[in-house]
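First comes the structure, then the notes that go with it.
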Amino acid sequence: MTDSEYKLYIDDVIRRVEEARLKVSEHHIVKIIAVSKYSQVEDIEHLYRIGQRAFGENKVQDLREKAKTLEDFPIEWHFIGNLQKNKINNLLTIDPSLFQALDSLELAQELQKKLLAKDMTLDALLQINSAKEESKHGVMPEDALEIYKQIQKECPNIKLKGLMSIGAHTDDKEIVRKSFETTHKLYEQLEAATICSMGMSGDFELAIECGSNMVRLGSIMFNK
Ligand SMILES: *Cc1c(COP(=O)(O)O)cnc(C)c1O
């Protein structure tokens, strides 16, 4: 696709996000994170040229390589994948804008130690396993508020900004909706949280209707 064809294609994705957010309210603003994990640097540049600035990766190594290659571009990088403890230092070297997948108190404590040693802070979202799926990371909904508070208290170098969740893995829309509602209800109970990150290529409109204000779009943004 040429730049202008691609722009028309992306305009259509943006129009869908617009329609979904306007169903909630005129004041409900939704940010799109382009998930580039299946894409090459050239694809990221292509999307950058038509205006996208926030990108997400789910492997520390990939994030490192892409961020390095594209270091002259003012890209806002998000890390959206599971973080192993032995990769914390590598992630901190990149200093991403937002770590979206903080999924346990233990990881937070480990991260806090490393952040303190480097005299850094890191913005993060607590990941919720809203449909309680074994295949997924994240804290259980019933434990989320307690863990969120505990991280805020014990880990001052982690700046929690809200919640992230992946919709239930099923074709049943009502179950997916419930999983988003579960996360959004928790989000509403947090003081001063500003980000509720839910919704991917296959379910972002539903996520926005349930209150998401950040969608992580991979395949649809890169037309894959
Ligand atoms: C891959 C991924 C996405 C994007 O998935 P698509 O279905 O391609 O939009 C969003 N969030 C997370 C956590 C991911 O791993």
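Order of appearance sets the numbers: ligands from 1, and atoms from 1 within every ligand.
Using a 4.0 Å cut-off between charged side-chain N and carboxylate O, K159 and D123 make no salt bridge. Between R15 and D11 no salt bridge is recorded (no basic side-chain N to carboxylate O distance below 4.0 Å).
A ring-centre distance under 6.0 Å is found for Y6 and H46.
Set against the non-hydrogen atoms of L217, the atoms of ligand 1 under 4.0 Å away are 9 (O). Those atoms of ligand 1 that come under 4.0 Å of a heavy atom in K37, given as number and element, are 1 (C), 2 (C), 3 (C), 14 (C), 15 (O). Of all atoms in ligand 1, numbered sequentially from 1 with element shown, those under 4.0 Å from a heavy atom of R216 are 4 (C), 9 (O), 10 (C), 11 (N), 12 (C), 13 (C).
The heavy atom nearest to atom 6 (P) of ligand 1, out of those in S201, G81, A101, is found in S201.
By the rule that hydrophobic residues join a cluster once side-chain heavy atoms approach within less than 4.5 Å of another member, F79 and W77 end up as members of one cluster.
In terms of polar-atom proximity, defined here as any N/O pair under 3.5 Å, G218 does make such a contact with ligand 1. For a threshold of 3.5 Å applied to N or O pairs, the pair formed by Y38 and ligand 1 contains no separation below that value.
In terms of protein heavy-atom proximity, atom 10 (C) of ligand 1 is nearest to M200 SD, 3.3 Å. When only non-hydrogen protein atoms are considered, atom 13 (C) of ligand 1 lies nearest to I80 O, 3.6 Å. Of the protein's heavy atoms, S219 N, 2.8 Å lies nearest to atom 8 (O) of ligand 1.
Side-chain contact, T93 with R64: no donor N or O sits under 3.5 Å from an acceptor N or O. Q127 and H137 share no side-chain donor-acceptor pair at under 3.5 Å. Between the side chains of E26 and H28, no donor N or O sits under 3.5 Å from an acceptor N or O.
In this structure, I220 does not count as a contact residue of ligand 1, since none of its heavy atoms falls inside 4.0 Å of the ligand.
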